[in-house]
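Step one of this worksheet: look at the structure below.
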2 protein chains.
Amino acid sequence: MILKSQVEWALHCCAILSGLPEGRYLSTKALAELHGLPKEYLSKALQSLSQAGLVDTTLGPSGGYRLAKSPGQVTFLDIVEAVEGETRTFVCNNIRTNNPCLPDDYCYSGPCAVARIMWEADEAWREKLRSVTLSDLERMLVRETPAKLWKDTFAWVLGRAG
Amino acid sequence: MILKSQVEWALHCCAILSGLPEGRYLSTKALAELHGLPKEYLSKALQSLSQAGLVDTTLGPSGGYRLAKSPGQVTFLDIVEAVEGETRTFVCNNIRTNNPCLPDDYCYSGPCAVARIMWEADEAWREKLRSVTLSDLERMLVRETPAKLWKDTFAWVLGRAG
DNA sequence: ATATTAAGGATAAATAATATCCCTATTATA
DNA sequence: TATAATAGGGATATTATTTATCCTTAATAT
């Protein structure tokens, strides 16, 4: 059970968009080059972000993506769910209903204990992701990235941003 | 990103094994029938539990599986990891190293902020699963299963347990 | 001896993830 | 107004993973 790599891509792309000055857009092409990713497939991940309302887009030369909200308002969970979907990691197939001892007319009400416990763990995961925003990420990245590299990267980005 | 259905199967099978009297074994065949599962494939899940040391096995007629520890000593995490493996849900491919602004000689030390955050969420998930044991599950199941059904089920099981 | 079991190897089928290609409508800019 | 660059999205291909099935082997209770 592994998240799609598009989740990683989307998170890193959002980190860059967080640092973009107000009103500027960055294209799929630039984001793909910056991260060494296949442009066409990265595009699908960015489309997911767009459909989820996390980014705004504009067409034409100098078009691309920008955050639709302030970095402090976009959580990791928003991004993960936009790309990965909102389905829980544990799917209950209700195999208890196959029990040969079960009366024909019996009907379980509510999910079984196994599912409830697994879903609580899912919720703990979500809750953690909900507690971290893009501004938290930005703060961590600024602290751990050499100043020159950070500066060079955004110079590179701004040279390509519409 | 969805857990294999073998995880669900293993959890339900362990719930049954938890209720088995000391020293008795239950076969794959019985567990498969009880849950309406393909015997050969369920067998792979049970083998995983065996390899992880969660269950004991014995061969021959009246052979099968029993818990290797008391239900209070087996956590959901033990079972999930036995079947699903211990890999984290988020895999970091270190795409930051593709940054064209990165000096050739530069070498990142340690995982990036994105990975650290995602791994914290993974750890929250694990921590929740680690906090629930098979005896917790048994308590919940006893409470929510009609007494007659519970009784009939274990009569059925004991009629097949070696 | 015989029937039954777990273990595990080999292989097949179905599903999901990872791409690639191409067409359309939009838009900045020359 | 023409041109080039862009996002959106449909169709399709490739690869990996999940879900099985089948078969052989060694152990064991009866």
Side-chain angles (χ1 to χ4, degrees), chain A residues 1-10 13 17 23-33 35-66 68 80 82-85 87 89-91 93 95 159-162, chain B residues 1-10 13 17 23-33 35-66 68 82-85 87 89-91 93 95 160-162:
Chain A
M1 186 199 54
I2 289 179
L3 289 164
K4 339 190 196 201
S5 50
Q6 284 191 339
V7 169
E8 181 184 19
W9 304 355
C13 287
L17 296 183
R24 313 275 308 264
Y25 292 86
L26 193 61
S27 70
T28 307
K29 181 155 175 275
L31 286 166
E33 268 182 55
H35 296 111
L37 303 174
K39 179 167 98 71
E40 303 285 354
Y41 193 34
L42 172 62
S43 166
K44 305 293 184 186
L46 298 174
Q47 282 173 39
S48 298
L49 296 179
S50 171
Q51 280 163 8
L54 302 180
V55 296
D56 289 331
T57 70
T58 185
L59 290 175
S62 84
Y65 296 88
R66 71 176 179 201
V80 170
V83 172
E84 186 69 40
T87 58
T89 67
F90 181 85
V91 172
N93 294 112
I95 60 176
R160 283 158 182 82
Chain B
M1 186 198 54
I2 290 180
L3 289 163
K4 341 190 198 203
S5 49
Q6 283 192 339
V7 169
E8 182 185 18
W9 304 354
C13 287
L17 295 183
R24 314 274 308 264
Y25 292 86
L26 193 61
S27 70
T28 307
K29 182 154 174 277
L31 286 166
E33 268 182 55
H35 296 111
L37 302 174
K39 179 168 97 74
E40 302 285 353
Y41 193 34
L42 172 62
S43 165
K44 305 293 182 185
L46 298 173
Q47 282 173 39
S48 297
L49 296 179
S50 172
Q51 281 164 6
L54 302 180
V55 297
D56 289 331
T57 70
T58 184
L59 290 175
S62 84
Y65 296 89
R66 71 177 179 201
V83 172
E84 186 69 39
T87 58
T89 67
F90 181 85
V91 172
N93 294 112
I95 60 177
R160 284 155 181 85

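First the proteins, then the strands, lettered A, B, ... as listed; each starts at 1.
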Test your reading of the model: is there a side-chain donor-acceptor pair from [X] to the backbone of [Y], 3.5 Å cut-off?
{"X": "A/Glu84", "Y": "A/Leu3", "result": "no"}
{"X": "B/Glu8", "Y": "A/Asn93", "result": "yes"}
{"X": "A/Arg24", "Y": "A/Ala161", "result": "yes"}

message = Between A/Glu40 and A/Ser62, which residue's closest nucleotide on DNA chain D lies nearer the 5′ terminus?
response =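 Closer to the 5' end of DNA chain D: A/Ser62.
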
Upstream residue (5' side of DNA chain D) when B/Gly60 and A/Thr58 are each assigned their closest nucleotide =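 Closer to the 5' end of DNA chain D: A/Thr58.
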
query = If you pin A/Ile2 and A/Pro38 to their nearest nucleotides in DNA chain C, which one's is more 5'?
reply =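 The residue mapped nearer the 5' terminus is A/Ile2.
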
query = Across the strands shown, which category fits A/Tyr25 at heavy-atom distances under 4.0 angstrom: base, sugar-phosphate, nothing?
reply =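 Since no nucleic acid heavy atom lies under 4.0 Å of A/Tyr25, the category is nothing.
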
message = Using a heavy-atom cut-off of 4.0 Å across all strands, would you classify A/Gly162 as base, sugar-phosphate, or nothing?
response =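 Contact class for A/Gly162: none.
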
ask   = Between A/Thr57, A/Leu46, A/Leu37, which is the residue that forms a side-chain contact (heavy atoms from CB on, under 4.5 Å) with A/Thr28?
value =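 With A/Thr28 as partner, side-chain contact (heavy atoms from CB on, under 4.5 Å) holds for just one option, A/Leu46.
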
For [X] and [N], give me the distance from atom [atom1] to atom [atom2], rounded to whole Å.
{"X": "A/Leu49", "N": "D/dG8", "atom1": "CG", "atom2": "P", "value": "10 Å"}
{"X": "A/Gln47", "N": "C/dT20", "atom1": "CD", "atom2": "C1'", "value": "14 Å"}
{"X": "A/Tyr41", "N": "D/dA16", "atom1": "OH", "atom2": "C1'", "value": "12 Å"}
{"X": "A/Met1", "N": "D/dT17", "atom1": "CE", "atom2": "P", "value": "14 Å"}
{"X": "A/Leu26", "N": "D/dA5", "atom1": "CG", "atom2": "C1'", "value": "14 Å"}
{"X": "B/Lys39", "N": "D/dC22", "atom1": "NZ", "atom2": "P", "value": "11 Å"}
{"X": "A/Leu46", "N": "D/dA7", "atom1": "CG", "atom2": "P", "value": "8 Å"}
{"X": "B/Gln51", "N": "C/dA6", "atom1": "CD", "atom2": "P", "value": "14 Å"}

Below 4.0 Å: OP1/OP2 of [N] and any side-chain N or O of [X]:
{"X": "B/Ser5", "N": "D/dT18", "value": "no"}
{"X": "A/Gln6", "N": "C/dA19", "value": "no"}
{"X": "B/Thr28", "N": "C/dA6", "value": "yes"}
{"X": "A/Thr57", "N": "D/dG8", "value": "yes"}

Candidates [options] - which lies nearest the side chain of [X]:
{"X": "B/Leu59", "options": "D/dA26, C/dA17, D/dT6", "answer": "D/dA26"}
{"X": "B/Ser50", "options": "D/dT21, D/dA29, C/dA7", "answer": "C/dA7"}
{"X": "B/Pro61", "options": "D/dT21, D/dG8, C/dA3", "answer": "C/dA3"}
{"X": "A/Glu84", "options": "C/dA17, D/dG9, C/dG8", "answer": "C/dA17"}
{"X": "B/Tyr65", "options": "D/dA7, C/dA6, C/dT4", "answer": "C/dA6"}
{"X": "A/Ser27", "options": "D/dA7, D/dT21, D/dG9", "answer": "D/dA7"}

ask   = Can you find a pair of side-chain heavy atoms, one from A/Cys13 and one from A/Val55, that are under 4.5 Å apart?
value =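 In short, these two side chains do not touch, never coming nearer than 4.5 Å.
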
ask   = side chain to side chain contact (heavy atoms under 4.5 Å, CB included) between A/Lys4 and A/Trp9: does it pass, once the steps are laid out?
value = CA-CA 9 Å; A/Lys4 339 190 196 201; A/Trp9 304 355; over 6 Å; no

message = Base of C/dG9, side chain of B/Lys44 - is there a donor-acceptor contact under 3.5 Å?
response =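 Indeed, a donor on one side and an acceptor on the other fall under 3.5 Å apart.
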
